[in-house]
Amino acid sequence: MVIVRKLYGGREVAKMDKKKKRLYIRGALLLVMAAAIVFALTSNKEKKTLAVGDHAPNFELTDMDGKKVKLSDYEGQGVFLNFWGTWCPPCKKEMPYIEKHFKEFTDKGVQVLSVNIGESEFKVDTFIEQYGLTFPVMIDKNKSVSRNSYNVVPLPTTMLIDKNGVIQQIITREMSESEIVSLMESVQPE
Amino acid sequence: MSKIKCQCGHENPFGTVLCEKCGRPLTEEAKDSSMVDMRYEGSARRSQTYKKSIIDKIWNFFSSVKIGVSIIIAVLSTSALGTILPQKFYVPVNGNDPNAYLDYYERLYGTFGKIYYHLGLYDMYNSWWFKILIGMLGTSIIIASLDRVIPLYKSLKKQRTKRHPSFMKRQRIYGEEPVVNPDESLVNAEKALKDMHYNVKTEDGAILAEKNRFGRWGPYVNHTGLIIFLLGVLMRGLPGFYVDETMWIREGETREIPGAPGYLLENVAFTVETYDKESADAVFGEALDKNGAIVSNFQSDVKLYKEKENSLPGSEDVEFIKEYPIVVNKPLKFDGYSIFQMDYKTGELSKMKFALLNKETQKSLGEFTVDLNEPAKKYDLGSGSSIQLMEYYADYDGIVDGEPVSKSPVPNNPAFIFNMITPEHPEGEKSFVAIQQTLEVEPNDYEVKFQSVESRNASGLTIRKDKTLYILLLGGIVFMIGVIQGSYWQHRRIWIQKGEGSEMMVAAHTNKNWYSLKKDIDKVKETAALPAYTDKQDKDTAADTMEGETV
């Protein structure tokens with residue numbers, strides 16, 4: 001190095017090195033600051049809501065027959081996941097349509113899972129009886145699935161989960177019969 | 001970039017005001033003035049050296065104190081804007097519905113509130129532009145400091161003892177005069193300065209006495225503290241470092257704790273206690289009479305559970321951790337979290353007691369209690385009588401399409417359809433019972449009569465976790481050390497030199513507290529013959545002379 005510097009005029013080479021070093025240091029520091037700002041902008045403290053394309057969080061709830069139901073049990077099948085409450089009028093309206101098509105789609109590999117948001121067994125039982133529901137209904141007693149994992153706010157909320165466990169659609173309103181059918185078809189495995 | 005060559009032969013970087021070696025003024029401005037700006041020792045700010053690449057240009061931008069001050073003003077004024085109306089965090093709106101927020105601001109503050117909302121000022125401290133502004137402030141602090149502290153450190157470190165007379169002459173405190181014995185003066189001055197705890201260096205008939213250079217680093221230590229503080233705030237964005245959530249939980253409920261995944265909290269009971277005259281000190285008796293009940297304690301008795309490892313949300317596979325009474329300022333603590341008692345609600349209906357009566361004789365066949373949150377299907381009253389609960393509406397809201405409806409799952413206005421089974425009516429008689437209302441399809445022989453009600457409370461709790469607290473504390477301490485360092489230690493320098501023949505020069509500089517510096521020189525003059533000096537900025541001496549002349 002020393003010889004090379006002498007040959008090409010040592011001071012000039014040293015100056016170039018110094019200049020380059022300075023440029024790298026400045027560039028690195030500015031980059032760190034820019035990264036800090038980007039981090040501050042992207043790190044969001046607000047509770048995150050699930051979106052289409054997210055992996056559906058797994059859960060384990062007990063259905064009205066005392067059977068434990070895990071979302072992961074239905075891997076390889078489509079899942080029609082419906083959150084509801086007995087006091088919610090649109091929930092009541094769509095229930096008969098879901099019931100009507102549930103059997104047909106179970107054979108085609110689409111499972112209906114219906115999660116009630118923390119109501120009493122009495123209310124849910126009477127509701128099932130009144131509407132003659134035969135698909136699995138689970139009560140989310142601690143609201144840990146609906147409020148924390150899935151952060152469901154409006155009712156009804158329906159999520160369509162494909163055979164890989166990815167959320168394909170989120171519907172946060174009442175669905176018509178034809179809509180329900182086409183939604184179920186949309187997550188039907190090949 | 002060209003170097004500036006001084007008469008003494010030293011090559012100075014571009015932007016230098018005073019020669020790094022001998023102290024000769026290099027710029028025309030410095031040459032023309034009678035006093036030089038000694039800030040940063042007349043050294044070149046690093047950013048002035050190169051103005052080439054885009055990186056250097058950005059660097060120069062942030063190096064400017066003018067830009068730094070502008071950013072500070074921008075941060076201050078926008079922060080002030082955010083305090084005009086309450087921020088989103090403090091607005092009592094459920095869920096995260098933007099329209100609900102807009103409604104709130106419009107309802108309470110009219111058009112101004114609407115504008116405030118639309119400008120995004122309602123959640124200003126989380127807005128992208130405010131964060132960028134703070135980021136720019138941090139960048140400015142770091143770059144502007146680096147650009148000044150490094151040249152200052154270098155020039156103070158390699159400063160020469162002997163300076164050129166043109167440097168001496170341009171100091172604020174300067175004097176030159178012939179003295180009887182310059183060499184003796186130098187020896188005596190050296191001793192006197194050493195006695196005053198100056199660091200004294202000598203070189204070829206020149207003395208440099210220096211004290212408390214340490215004080216010059218104060219502002220930079222202070223800025224380091226600020227950067228540590230900002231870093232702490234930034235780290236709040238890392239998952240698991242900072243949690244500030246609230247939760248409402250009714251007595252008897254078990255809920256997952258927001259912000260603390262895997263933990264569940266059960267509210268066993270919430271109680272409010274008040275002082276009573278018997279137990280309180282006699283001196284408080286009058287105050288209690290005057291004010292009525294004064295609360296002595298708000299308490300939530302809770303049980304903490306943790307989901308077992310690998311268990312899924314919703315599963316009831318939990319382990320009990322501990323039981324704890326949360327009172328104000330005595331939070332439940334676990335795993336870095338603290339749960340504080342913040343608020344409460346009372347009087348939500350929880351249980352209703354009824355009696356089954358024979359309408360005619362008003363004879364009771366028995367009583368039963370309905371748990372409004374977990375009603376049973378059947379209540380057996382014995383001796384062949386029972387009550388079947390056919391339907392229950394927690395928040396009864398009239399009849400829609402021939403069917404009673406409930407508008408929420410909260411028991412604000414409970415209504416029931418009972419089937420009363422009695423020995424006379426084994427099939428039962430149906431009755432619709434709501435508060436102050438009973439409906440019957442056909443006249444019944446029996447009725448369900450409301451007896452009493454139990455209510456339950458709800459606790460409002462705040463969940464906090466802050467791993468950045470100690471970083472913020474460290475930042476604050478470093479900040480204060482810098483302030484103290486810069487305030488209580490003044491960097492003083494005294495130059496004494498022999499000139500032509502028996503001439504002597506004395507010059508001095510300090511970054512603050514010139515009065516004490518002059519006192520130090522005066523003290524030296526007591527034992528060493530030194531020239532008289534003048535303070536070029538001392539308005540008092542000038543004023544004194546004026547007064548002296550008039551008197």
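Throughout, a chain's letter reflects where its sequence line sits, starting with A, and its residues are numbered from 1. These values consider heavy atoms only, across backbone and side chains, with no hydrogens, waters or symmetry-generated copies.
- Chain A forms the most heavy-atom pairs under 4.5 Å with one residue out of Phe62(B), Tyr392(B), Tyr393(B), and that residue is Tyr392(B).
- The number of heavy-atom neighbours closer than 6.0 Å to CD of Glu75(A), taken from other residues, nucleotides and ligands shown, is 12 or below.
- Contacts between Leu30(A) and chain B at a heavy-atom distance below 4.5 Å involve the side chain alone, from C-beta outward.
- Defined by atom type and a distance below 3.5 Å, a donor-acceptor pair is missing between the side-chain atoms of Glu319(B) and Tyr305(B).
- Ring centers of Phe416(B) and Tyr396(B): at least 6.0 Å apart, outside the cut-off.
- In this structure, the side chain of Asp466(B) engages the main chain of Thr468(B) through a donor-acceptor pair within 3.5 Å.
- Cation-pi geometry between Lys465(B) and Phe241(B) is not met: the NZ or CZ atom fails to fall both under 6.0 Å from the ring centre and inside 45° of the normal.
- Dense packing is recorded around OH of Tyr131(A), with more than 12 heavy atoms of other residues, nucleotides or ligands lying under 6.0 Å away.
- For Lys351(B) (side chain) and Val370(B) (main-chain N/O), no donor-acceptor pair under 3.5 Å exists by modelled atom type.
- Remark: the Asp395(B) side chain and the Ser406(B) side chain contain no N/O donor-acceptor pair separated by less than 3.5 Å.
- Heavy-atom distances place no part of Ile227(B) under 4.5 Å from chain A, backbone and side chain included.
- A pairwise comparison of heavy atoms in Met33(A) and Gly138(B) identifies CE-C, 3.7 Å as the closest pair.
- The backbone N or O of Val145(A) sits less than 3.5 Å from a side-chain atom of Asp140(A), completing a donor-acceptor pair.
- Contact annotation for Leu264(B): only side-chain heavy atoms (C-beta onward) come within less than 4.5 Å of a heavy atom of chain A.
- Counting heavy-atom pairs closer than 4.5 Å to chain B, the top-ranked of the candidates Leu71(A), Asn58(A), Thr126(A) is Asn58(A).
- Chain A forms the most heavy-atom pairs under 4.5 Å with one residue out of Leu230(B), Leu389(B), Ile58(B), Ile54(B), and that residue is Leu389(B).
- Interface residue Lys407(B): only backbone heavy atoms are found under 4.5 Å from chain A.
- No hydrogens or angles considered: nothing links the side chains of Asn267(B) and Arg255(B) as a donor-acceptor pair under 3.5 Å.
- For Lys68(A), no part lies near chain B; criterion is any non-hydrogen pair under 4.5 Å.
- Only the side chain of Glu403(B) comes within contact range of chain A, judged by heavy atoms closer than 4.5 Å.
- Heavy-atom proximity under 4.5 angstrom to chain B picks out Trp87(A), Lys92(A) from residues 80-117 of chain A.
- Neither the backbone nor the side chain of Ala394(B) comes within less than 4.5 Å of any heavy atom of chain A.
- The most heavy-atom pairs under 4.5 Å with chain B, out of Lys70(A), Glu121(A), Lys123(A), Met138(A), come from Lys123(A).
- In summary, the side chains of Ser63(B) and Asn60(B) do not present any donor paired with an acceptor at a separation below 3.5 Å, with no hydrogens or angles considered.
- Residue Glu253(B): no heavy atom, backbone or side chain, is found under 4.5 Å from chain A.
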